Number of protein chains: 2
Amino acid sequence: MADKLGPPLKTPLFDTITVIGLGLIGASIIRVARQQNLARRVIGADADPAVRVRAREIMLGDQIADDLEAAVRHADLVMLCIPVGAMGPVGAEIGPILKPGAIISDVGSVKASVIAAVAPHMPAHVHLIPGHPVAGTEYSGPDAGFASLFVNRWSILTPPEGTDDAAIARLTQFWTEAGANVEVMSASHHDIVLAITSHVPHLIAYNIVRTAADLEAVTQSEVMKFSAGGFRDFTRIASSDPTMWRDIFLNNREAVLEVLGRFNEDLSALQRMVRVGDGDGLFDLFARTRAIRRGIIAQGQETAAPDFGRRAAEAKV
Amino acid sequence: MADKLGPPLKTPLFDTITVIGLGLIGASIIRVARQQNLARRVIGADADPAVRVRAREIMLGDQIADDLEAAVRHADLVMLCIPVGAMGPVGAEIGPILKPGAIISDVGSVKASVIAAVAPHMPAHVHLIPGHPVAGTEYSGPDAGFASLFVNRWSILTPPEGTDDAAIARLTQFWTEAGANVEVMSASHHDIVLAITSHVPHLIAYNIVRTAADLEAVTQSEVMKFSAGGFRDFTRIASSDPTMWRDIFLNNREAVLEVLGRFNEDLSALQRMVRVGDGDGLFDLFARTRAIRRGIIAQGQETAAPDFGRRAAEAKV
């Protein structure tokens with residue numbers, strides 16, 4: 001009878017994908033893998049029993065494993081979607097169980113330290129290709145995931161030298177079919193790029209929110225009321241997952257301190273302009289930074305709607 | 001025949017409102033004044049002939065004056081919607097022309113310096129009530145204005161001691177009918193509140209965008225591509241009007257430097273936590289800042305939609 005139905009429209013890229021860690025990113029990967037038919041079977045695993053219960057309730061993927069061994073034994077692609085600090089221990093646990101030819105990847109926001117922590121535990125018969133989809137929201141947990149999270153975002157792969165090209169191509173296809181663009185770079189370059197585009201911005205955002213909370217002259221109620229003046233923008237990224245961000249700063253220390261040093265130098269110069277009343281210097285700087293946003297919008301990485309389109313969002317919620 | 005139509009539904013709050021400066025805020029005030037029938041007549045004025053041409057094209061208010069004297073001669077409410085540095089000169093020009101009983105207000109983001117610059121030019125027969133609607137977008141110019149900009153935002157009034165209560169009540173009603181909440185405070189308190197909720201956040205945003213642009217190790221193309229990691233949020237407020245922001249920093253120097261000093265102290269402590277690898281300290285701080293955002297959302301000053309609801313906005317544009 002099969003011939004009367006015609007051939008299957010698509011041969012899934014993988015037979016079995018296992019996603020370890022069912023937070024925002026892991027849940028989104030499962031959602032898009034099912035939606036785009038990227039695997040015949042998508043298995044989820046999480047160390048937290050409450051998360052596993054919730055994942056089953058919201059029918060995340062095909063099966064939720066209680067046992068890490070069962071979860072990865074048949075996997076052709078294992079995606080580690082856990083905090084950077086947990087990568088080493090989980091790598092050690094799954095290394096001996098992995099199937100020959102399996103691809104092991106991750107979504108950690110730091111790459112050099114993940115490679116250092118995971119690579120020693122990998123058997124020679126698997127392909128370790130660390131990765132990082134630069135996408136997310138300020139929400140955490142399995143309910144926060146959604147299939148379109150990666151559309152038009154960039155996913156960075158940092159394969160160690162000598163990695164099998166066919167495996168890289170297959171993982172690239174996975175991300176492409178998930179809607180993302182893929183860029184390959186070294187782990188160390190990734191870590192400095194992310195220090196400026198993500199890690200230091202988060203550190204600064206956490207810091208200004210703390211400064212505001214601790215200021216005696218201004219009440220917390222006032223900070224909240226008048227936050228539309230700019231402050232509220234910072235609170236979004238300062239409400240991201242604390243465990244994840246703790247691990248990022250512990251594991252990308254060198255690049256973060258390097259970029260933070262530059263930021264501090266620049267801020268001292270700017271502070272001096274304010275102190276001495278250098279209006280021309282301030283104007284020139286403020287005029288210059290507009291161009292960067294226009295570039296980001298032109299590259300499709302940002303909305304051109306005023307205020308991030310908040311009004312449209314408010315109308316919906 | 002009038003009796004067959006019934007009485008007018010509303011007596012406008014003012015006969016004539018004159019808005020000087022047709023940027024984002026001035027244009028929005030004109031739009032809401034017409035929409036809510038807050039005046040029988042709304043007159044616009046702007047020093048830039050090109051802006052006046054554009055304002056006529058988009059039919060901003062009832063009349064656009066080429067002449068400041070004609071614009072304010074009959075005004076019952078004059079709103080100065082110009083950069084903070086221009087308040088003094090414009091105040092000097094219009095002071096002698098103002099009608100007895102007129103209310104003079106403004107929308108400047110700094111209040112003590114505006115009072116110092118404008119008050120000496122005001123005749124005794126007018127009411128000077130400086131104000132600041134804490135609302136805006138990153139766009140500038142007459143086309144950027146829209147009537148709902150002030151809905152559910154806070155408008156701060158900083159009347160000098162001895163200001164006529166009836167005039168304050170009337171201006172309060174103006175903002176209330178425009179959709180805003182009103183809070184009265186001293187000019188000096190306003191200036192420190194805005195330093196933390198708006199001015200220093202903008203300074204930091206401008207600074208990180210500059211640091212990113214100048215980093216040799218990372219290309220501008222990379223900064224743009226991977227900006228979804230957090231950086232792009234900062235570029236929004238760093239694309240605000242340069243003249244406006246130059247004047248804010250020149251005129252709120254003391255409060256900005258005070259708050260910036262706190263920010264720097266806090267950032268040094270945080271930098272040290274990263275350097276020494278104080279994971280518990282980082283976690284505690286990152287967990288603490290989440291509560292502030294929840295408060296801002298609960299107070300209706302922010303959307304709860306993930307990513308500011310950017311996806312909804314992208315779908316629209």
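Keep in mind it's a predicted model, so treat the numbers as computed, not measured.
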Flag yes if more than 12 heavy atoms outside A/Q271 fall under 6.0 Å of its CD atom; otherwise flag no.
-> yes
Side chain proximity check, [X] to [Y], heavy atoms < 4.5 angstrom:
X: A/F150; Y: A/V32; answer: yes
X: B/L24; Y: B/S28; answer: yes
X: B/L282; Y: A/W245; answer: no

Top contributor to chain B interface from [options] [non-hydrogen pairs under 4.5 Å]:
options: A/I196, A/D266, A/T289; result: A/D266
options: A/D214, A/V223, A/D280; result: A/D214
options: A/L203, A/I237, A/I208; result: A/I208
options: A/H132, A/R210, A/R246; result: A/R210
options: A/G230, A/S268, A/S239; result: A/S239

Write down the atom of B/S109, the atom of B/M244, and the distance for their closest heavy-atom approach.
-> OG-CE, 4.0 Å
Please report the shortest heavy-atom distance between B/A135 and B/L149, naming the atom on each side.
->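 Smallest heavy-atom distance, with atoms named: CB-O, 3.7 Å.
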Under 3.5 Å, side chain of B/D247 to main-chain N/O of B/G85, donor-acceptor pair present?
-> yes
Quick check on [X] against chain A: is it the side chain, the backbone, both or neither that has a heavy atom closer than 4.5 Å?
X: B/Y139; result: side chain
X: B/Q299; result: side chain
X: B/R288; result: side chain
X: B/I156; result: side chain
X: B/H189; result: side chain
X: B/I248; result: neither
X: B/F234; result: side chain
X: B/S240; result: backbone
X: B/E183; result: side chain
X: B/I292; result: both
X: B/E222; result: both
X: B/D284; result: neither

Look at [options] and state which one has the largest set of heavy-atom pairs under 4.5 Å with chain A.
options: B/G277, B/G279, B/G295, B/A291; answer: B/G279
options: B/T243, B/N207, B/I192, B/I296; answer: B/N207
options: B/M185, B/M224, B/E138, B/K225; answer: B/K225
options: B/P201, B/S221, B/G261; answer: B/P201
options: B/L250, B/V209, B/V134, B/L267; answer: B/L267
options: B/V256, B/D241, B/V218, B/T137; answer: B/V218

So, are [X] and [Y] salt-bridged, with charged N and O less than 4.0 Å apart?
X: A/R272; Y: A/D278; value: no
X: A/R262; Y: B/E216; value: yes
X: B/K111; Y: B/D106; value: yes
X: B/D191; Y: B/R253; value: no
X: A/D233; Y: A/R310; value: yes

Does a side chain donor of either B/S140 or A/R290 reach within less than 3.5 Å of an acceptor in the other side chain?
-> yes
Relative to chain B, which segment of A/L260 carries a heavy atom at a distance below 4.5 Å: side chain, backbone, both, or neither?
-> side chain
Centroid-centroid under 6.0 Å between B/F249 and A/F286 rings |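 B/F249 vs A/F286: aromatic centres under 6.0 Å.
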